[in-house]
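What you are looking at is a predicted structure, and each value in this text was computed from that prediction instead of being measured. Position 1 is the first residue of the sequence, and the numbers go up from there. Order of appearance sets the numbers: ligands from 1, and atoms from 1 within every ligand.
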Amino acid sequence: MPANRPRTKILLDGGDPAETLRVKNALGFLDGQTTNPTLVAKNPEIQHLIASGHKLSRKDQENEYKHIVQQISPLVGDAGVSIEVFADLDTTAEQMLAQGEEMFSWIPNAYIKYPCTREGLRAAGESARRGIRVNVTLCFSQEQAAAVYAVTKGAREPVYVSPFLGRLDDRGENGIDVVRNIKKMYERGDGHIHVLAASLRRLEHLLASFALNAELATVPAKILEQWAAQGLPMPDENFRYEAVDAEGRSLKPIPYRDIELNAPWRSFDIRHELTTKGIERFVNDYLNTLAPAA
Ligand code: G3P
């Protein structure tokens with residue numbers, strides 16, 4: 001066990017059990033894993049099946065996903081394995097919930113990922129009431145995070161909310177600000193939500209997530225291996241996050257907003273263009289890569 005293990009739980013963002021094992025060995029620990037339709041579609045076994053001309057039905061796809069998370073499950077610690085429901089823009093909460101219940105039975109340490117939409121939040125709220133652990137994904141704003149808080153209030157298990165900071169950076173906004181703002185907003189809450197920094201693109205994102213005391217961070221293998229190769233550095237008191245993109249251009253700050261956390265969840269404006277785009281991307285990757293002949 002490394003002496004300087006961070007307080008932030010470290011999850012691998014991936015869909016390949018061999019990679020999970022490799023990263024766990026490099027770090028000496030691994031608290032959890034997140035998966036999503038894009039990452040599962042990149043799984044080497046699935047890629048091999050597709051390359052050899054196999055046509056996967058939805059049921060085959062589901063079985064492959066189940067097989068993948070069942071291999072990952074025993075490799076990780078108590079932050080669990082997040083499994084994402086298949087949802088397009090028309091999927092209802094009831095349809096997501098049915099998938100979520102089934103997926104939750106696959107492994108003992110599952111978290112079910114629902115998108116941060118009206119229907120996704122309805123499914124997340126109902127799941128939390130039924131004792132299904134939840135991770136609300138594709139979150140891009142403080143207002144969305146407030147709705148996640150409100151709809152899952154009373155959950156018996158910690159609920160994860162995943163702000164995708166890299167995708168905000170991609171369009172010139174400082175994604176780290178959203179993590180900071182959500183953490184600040186939740187200071188007035190009851191602690192039932194854990195912030196899972198997601199869509200990390202570089203080591204500085206990870207160090208900034210530590211500095212902000214994010215409860216969890218999900219990180220691609222490449223960055224975790226880079227972190228391990230440098231001896232698992234932690235930010236010290238002089239650490240300053242430089243809000244610039246890969247070309248060194250300044251990222252636009254995202255200001256904090258004073259939001260009443262205890263308002264009814266439906267009163268929050270949860271629309272976000274990147275949530276919609278994110279769902280569309282997952283659907284495309286899932287359908288195009290896993291079922292090219294469907
Ligand atoms: O866990 C979130 C992540 O998989 C999304 O990352 O790099 O596609 O924005 P990215």
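Remark: T34 pairs with D13, T218 by the side chain to side chain donor-acceptor pair (under 3.5 Å) rule, at least two apart or across chains. Remark: Q99 engages no residue in a side chain to side chain donor-acceptor pair (under 3.5 Å) (not counting sequence neighbours).
Those atoms of ligand 1 with a heavy atom of R167 less than 4.0 angstrom away are 5 (C), 8 (O), 9 (O), 10 (P). For ligand 1, the atoms sitting less than 4.0 Å from at least one non-hydrogen atom of R281 are 8 (O), numbered in the order shown with element in parentheses. Atoms of ligand 1 lying under 4.0 Å from at least one heavy atom of F164, given by number and element, are 2 (C), 5 (C). Applying the 4.0 Å criterion to heavy atoms of T218 picks out, from ligand 1, the atoms 1 (O).
Which of D13, N135, L12 comes nearest to atom 1 (O) of ligand 1 through a heavy atom is settled by distance: it is D13.
Atom 9 (O) of ligand 1 has as its closest protein heavy atom R201 NH2, 2.4 Å.
A salt bridge links D78 to K9: one of the charged nitrogens lies within less than 4.0 Å of a carboxylate oxygen.
Using cut-offs of 30° and 60° on the angle between ring planes, the pair F29 and W227 is perpendicular.
Of the heavy atoms in N36, only side-chain atoms (C-beta onward) come closer than 4.0 Å to ligand 1.
Judged by the 6.0 Å distance and 45° axis criteria, R133 is not positioned over the aromatic ring of Y160.
Just one of K24, R7, R5 meets the salt bridge (Lys or Arg N to Asp or Glu O under 4.0 Å) condition when paired with D31; it is R5.
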